Amino acid sequence: MFKTSLSLIALIVSGASIADESTIQRNLNQTEMEHVIVSGSRVFESIDEVPASITIISQKQIEAHLKVNPELQSLLAQMVPGLAPDTGSSSNSGQTLRGRAPLIMIDGVPQSTPLRNGSLGVKTLDPSAIGRIEVIKGATSIYGNGASGGIINYITKQAQSDGQTQGEISLSSRFSAVKLEESAGARLSAALNGRADKFSYLVTASYEENGVQRDSQGDILGLQYGLSDAVTQNYFTKLGYDFDDEKQLQFSYNYFSSQQKTDLGDVVGDMSLGEKTYAIHVPSELQKQGKPQGPEGNENITLKYTDYALLENTQMTLDLYTQDIENVFFFSPNLANPDENYQGGQSVISSEKKGARATFNTQVDFDSVEASFIYGIDALNDVTAQPLVDGRVWVPEMDMKSVAGFLQTKWVIANDLIIKAGVRKENIDLRVDDYRTLKLCKTATQCSVPISVKGDTVDYNATTYNVGIKYNLDEKFSPFLNYSQGSDISDIGRLLRSATVNDIGLIQTQASIIDNYEIGFNSQFDAVRLEVAAYRSTSELGTTNKFNEVTGVYEPVRAPQEIWGYEALVDYTINPSLKLLATYSYVEGKNTEADIYLGSKQISPPKATANLNWQPTNTLSLTLSYLYVGDRKRFEPNDNGKYVGDQGPVDNYTVFNLSGQYQFADNWKSFIGVENLFNQDYFPARAQSYTYGGYNIKGLGTTATVGVTYQF
């Protein structure tokens with residue numbers, strides 16, 4: 001059961017030539033590597049030794065989905081039980097993990113903007129730069145603020161070659177099969193990696209221009225968070241240097257941008273009438289206003305030093321990182337000047353993070369007990385604001401400084417019983433200067449009243465705990481049970497911009513402690529792997545939205561919440577060439593104070609997925625994927641017969657995708673992908689449930705991708 005973990009630990013601790021993950025990959029085969037994770041405890045460990053639900057998306061699975069859809073949202077929704085369905089847009093608003101927001105990371109560096117969560121964190125890296133994705137479910141504090149729903153960690157690729165340079169170039173086009181006109185786009189990606197003595201290098205680059213995106217009737221999808229005419233580029237570099245067999249320095253740089261640059265305009269429909277929002281060519285004065293929406297530039301720089309034998313049984317990792325991102329939002333007529341002018345505006349979330357981490361891992365053997373002690377210190381400075389592009393203040397600058405210490409222990413008893421327990425002590429100072437709230441208007445005469453708010457420094461101190469147990473009775477039944485806490489001060493910016501009092505000390509900015517309980521089991525039979533889990537999470541201060549009938553503004557409400565659900569996964573090897581992976585997930589939640597169900601910003605409808613992979617020869621593979629989204633109808637319409645906020649009813653829908661790859665020469669592969677194979681006419685779950693203007697956009701109609709890859 002623990003062959004993978006023991007092999008890995010032996011390689012790292014024994015003083016063998018272990019410089020980075022690429023060395024580990026060369027010493028372990030692919031099957032073994034897929035059973036090793038780093039996100040759950042910040043060191044390499046076997047999945048068999050983790051008493052929690054984990055989803056690993058392999059590079060092969062990423063590449064197969066990339067042939068159908070290059071959006072990470074779509075990939076994650078298809079592969080991760082418990083993650084809400086794809087929104088079909090650049091925004092992951094409503095795409096929660098078990099009803100709460102996940103923390104998005106690249107190699108452990110936070111990409112989300114928890115202080116003002118704009119729900120754009122999923123789209124921060126091109127899939128071609130990712131080697132694997134690790135998803136840890138349930139509230140956790142192992143990486144600090146923002147992981148109330150868990151962690152989605154993009155693990156980037158490593159240099160694979162032992163000497164000579166290797167690389168590949170891929171060219172493809174994506175277009176609507178319903179109506180070709182203006183829909184054809186182009187994508188170019190390239191990668192280069194190699195190793196020269198003690199130096200390793202990896203460089204990836206991708207550039208993509210979308211055509212217009214069309215629904216099943218051939219109409220152009222609405223533009224709010226849309227992907228039509230989007231220009232996306234990503235440049236990623238990772239350099240490594242091995243000082244000796246145990247010490248390694250690694251530098252990585254990532255730049256990502258994705259913006260919609262279009263001359264179209266929206267025809268806005270009404271979801272309560274079943275009318276979709278779609279885009280058309282319009283005169284210049286009616287075109288999409290303002291700057292192009294989307295990430296204007298996301299830059300990450302990481303410097304990592306690892307000593308795998310600091311002491312005889314202790315390894316050390318030191319990280320320094322920065323992240324700088326600007327996410328530009330669509331033009332909104334509701335944003336008004338502090339005076340009487342009513343003109344609208346466009347906001348941008350600007351976030352700069354600087355962090356340092358020291359992590360130590362000490363391994364101790366006590367006869368039949370193997371003990372691991374993972375401990376360290378984290379420091380982070382996060383400066384986030386959401387001004388308007390013309391300089392007006394909407395969300396004032398929030399300057400957060402945090403220092404945290406942590407200890408995570410793991411005890412493996414007689415190779416079968418695993419006990420994990422940990423604690424994290426977090427100290428956070430959040431400084432906000434004096435500011436004035438922005439006037440928000442539903443109409444020229446129906447507006448909120450701006451308030452001058454006195455700033456201050458708010459202190460947060462939280463101690464969170466986790467404990468879990470797993471018993472690997474045998475391969476056919478490995479039960480686990482865990483309890484974990486997360487400390488969350490996410491989306492303080494939403495509270496500040498909606499202030500109705502004149503002192504920040506009077507705003508309900510208290511941290512929310514999430515208590516997460518989970519029970520489940522894993523089973524491995526000859527050809528079938530089965531995973532089942534049930535969970536419950538509670539928080540005394542969740543954040544929901546309440547519609548203000550006077551101003552037309554959705555105001556945040558702090559109230560206790562309870563969320564519960566269950567998930568199942570079946571991985572069936574039908575025969576050596578045919579494999580099936582199927583999942584099902586259900587989540588529900590309530591505001592327990594008012595005893596009302598939570599809206600779709602948090603709670604998604606039931607979801608089932610299936611992926612059937614057929615590889616009849618070494619040169620040919622085909623994948624058929626299936627997505628089913630069920631009904632969720634928890635709310636009644638108001639007195640006017642309309643649903644409000646995120647309470648619209650969701651009707652079920654089904655989508656099939658198909659992809660294939662054929663190697664027609666030694667270094668050449670061709671591929672094809674078809675999204676929405678049967679041209680299903682549907683509104684995605686978020687489009688059905690969100691009654692906010694502009695979100696009622698149909699799902700993508702049948703869309704094809706064709707391309708070729710050259711490897712050298």
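Please read all numbers here as calculations on a predicted model, not as lab measurements. Worth knowing before you read on, the calculation uses all heavy atoms, side chains too, and leaves out hydrogens, waters and symmetry mates.
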(message) Determine whether Glu63 and Gln661 satisfy the following criterion, side-chain contact (heavy atoms from CB on, under 4.5 Å), listing intermediate values before the conclusion.
(response) CA-CA 10 Å; Glu63 291 173 349; Gln661 176 177 282; 5.8 Å; no
(request) Report yes if some heavy atom in the side chain of Ser625 is under 4.5 Å from a heavy atom in the side chain of Gln78; otherwise report no. (result) yes
(request) Check whether any side-chain N or O of Gln602 sits under 3.5 Å from a backbone N or O of Gly599 as a donor-acceptor pair, and report yes or no. (result) no
(request) Look at the side chain of Ser176 and the backbone N and O of Thr703, then say whether any donor-acceptor pair between them is shorter than 3.5 Å. (result) no
(request) Measure up the Tyr626 and Tyr628 rings against each other and bin them: parallel (under 30°), tilted (30 to 60°), perpendicular (over 60°). (result) parallel
(message) Surrounding OH of Tyr278 (heavy atoms of other residues, nucleotides or ligands, distance under 6.0 Å), is the total greater than 12?
(response) no
(message) Using a 3.5 Å distance criterion without hydrogens, assess whether the side chain of Thr277 forms a donor-acceptor pair with backbone atoms of Gly269.
(response) yes
(message) Once rounded to the nearest 0.5 Å, what's the spacing between atom OG of Ser577 and atom CG of Asn613?
(response) 9.0 Å
(request) Compare all side-chain heavy atoms of Tyr695 with those of Gln224 and state whether any distance is below 4.5 angstrom. (result) yes
(request) May I ask you to decide whether Lys238 forms a salt bridge with Asp107, counting only side-chain N to carboxylate O separations under 4.0 Å? (result) yes
(request) Any chance you could lay out the side-chain contact (heavy atoms from CB on, under 4.5 Å) test for Phe664 and Val708, step after step, and finish with the verdict? (result) CA-CA 10 Å; Phe664 59 89; Val708 63; 4.2 Å; yes
(message) Strictly below 4.0 Å, N to O, side chains only: are Lys633 and Asp651 in salt-bridge contact?
(response) yes
(message) Checking the side chain of Asp266 only, and the main-chain atoms of Leu223 only, is there a donor and an acceptor separated by less than 3.5 Å?
(response) yes
(request) Spell out, as yes or no, whether a donor-acceptor pair under 3.5 Å connects the side chain of Thr573 to the backbone of Asn575. (result) no
(request) Say whether His65 and Glu675, considering side chains only, have a donor N or O and an acceptor N or O under 3.5 Å apart. (result) no
(message) Donor-acceptor check, side chain of Ser228 to backbone of Gln213, threshold 3.5 angstrom: yes or no?
(response) yes
(request) Answer yes or no: is there a donor N or O on one side and an acceptor on the other, between the side chain of Asp215 and the main chain of Lys698, under 3.5 Å? (result) no
(message) Measuring from atom CD of Glu71 to atom CG of Asn92, what distance do you get when rounded to the nearest 0.5 angstrom?
(response) 11.0 Å
(request) In sequence, state the C-alpha distance, the side-chain angles, and the governing distance for Thr55 and Lys137, and then conclude on side-chain hydrogen bond (donor to acceptor under 3.5 Å, both in side chains). (result) CA-CA 8 Å; Thr55 297; Lys137 302 170 194 173; 3.2 Å; yes
(request) Give, for atom CG of Leu658 and atom OG1 of Thr702, the distance between the pair rounded to the nearest 0.5 Å. (result) 11.5 Å
(request) Answer yes or no: are there more than 12 heavy-atom neighbours, outside Asp263 itself, under 6.0 Å from its atom CG? (result) yes
(message) Closer than 4.0 angstrom, basic N to acidic O: yes or no for Arg174 and Glu208?
(response) no
(message) Please determine whether ring-ring contact (aromatic ring centres under 6.0 Å, His included) holds for the pair Phe330 and Tyr225, giving the CA-CA distance in whole Å, both sets of side-chain angles, and the decisive distance to 0.1 Å.
(response) CA-CA 7 Å; Phe330 55 88; Tyr225 298 114; 5.3 Å; yes
(message) Under a 4.0 Å threshold between the charged nitrogen and the carboxylate oxygen, would Asp571 count as salt-bridged to Arg529?
(response) yes
(request) Look up atom CZ in Phe656 and atom CZ in Phe678, then write down how far apart they are to the nearest 0.5 Å. (result) 6.0 Å
(request) Would you tell me whether Thr87 and Gln73 have side-chain atoms, one donor and one acceptor, within less than 3.5 Å of each other? (result) yes
(request) Check for a donor-acceptor pair, side chain of Ser585 on one end and backbone N or O of Gly82 on the other, with a separation under 3.5 Å. (result) yes
(request) Supply the atom-to-atom distance Ile349 CD1 to Thr113 OG1, rounded to the nearest 0.5 angstrom. (result) 4.5 Å
(request) Using the six-membered ring wherever Trp is involved, compare the ring planes of Trp668 and Tyr710 and label them parallel, tilted or perpendicular (cut-offs 30° and 60°). (result) tilted
(request) Indicate whether the side chain of Tyr682 and that of Thr654 have a donor and an acceptor atom separated by less than 3.5 Å. (result) no
(request) Verify whether one side chain among Gln323 and Asn298 offers a donor that lies under 3.5 Å from an acceptor in the other. (result) yes
(message) Would you say that Ile106 contacts Thr156 through its side chain, given a criterion of any heavy-atom pair below 4.5 Å between the two side chains?
(response) yes
(message) Could you check whether any side-chain N or O of Thr617 sits under 3.5 Å from a backbone N or O of Thr619, counting only pairs where one atom can act as donor and the other as acceptor?
(response) yes
(message) Minimum heavy-atom separation for Lys157 and Ile130, please, with both atom names.
(response) CE-O, 3.5 Å
(message) Show, in sequence, the C-alpha distance, side-chain angles and deciding distance for Gln217 and Lys276, and conclude whether the side-chain hydrogen bond (donor to acceptor under 3.5 Å, both in side chains) test is met.
(response) CA-CA 11 Å; Gln217 297 170 334; Lys276 67 185 179 184; 2.7 Å; yes
(message) Strictly distance-based, threshold 3.5 Å: is any side-chain N or O of Asn210 a donor or acceptor partner for the main-chain N or O of Leu227?
(response) yes
(request) Decide, yes or no, whether a salt bridge links Glu296 with Lys291 under the criterion of side-chain N to carboxylate O below 4.0 Å. (result) yes
(message) Exactly one of Ser89, Ser258, Ser91 should register a side-chain contact (heavy atoms from CB on, under 4.5 Å) with Lys123. Which one does?
(response) Ser258
(request) Applying ring pair (Phe, Tyr, Trp, His ring centres under 6.0 Å), name anything that partners Tyr154, two or more places apart in sequence or on another chain. (result) none
(message) So, taking the atom named CD1 in Ile133 and the one named CD1 in Ile155, what distance separates them when rounded to the nearest 0.5 Å?
(response) 9.5 Å
(request) Report yes or no: do Asn234 and Asn254 form a side-chain donor-acceptor pair below 3.5 Å? (result) yes
(request) Locate the shortest heavy-atom distance separating Ala610 from Leu580; write the atom from each residue and the value. (result) CB-CD1, 4.3 Å
(request) Please check if any side-chain donor atom of Tyr584 sits under 3.5 Å from a side-chain acceptor atom of Thr609, or the reverse. (result) no
(request) Mind listing the closest non-hydrogen atom pair of Leu125 and Ala129 along with its distance? (result) CD1-CB, 4.1 Å
(request) Could you tell me whether the side chains of Gln111 and Asn300 share a donor-acceptor contact shorter than 3.5 Å? (result) yes
(message) Are the side chains of Ile563 and Arg98 in contact, using a 4.5 Å heavy-atom criterion?
(response) no
(request) Considering only NZ, NE, NH1 and NH2 on the basic side and carboxylate oxygens on the acidic side, decide whether Asp646 and Arg686 come within less than 4.0 Å. (result) no
(request) Please say whether more than 12 non-hydrogen atoms of neighbouring residues, nucleotides or ligands are located less than 6.0 Å from CH2 in Trp564. (result) yes
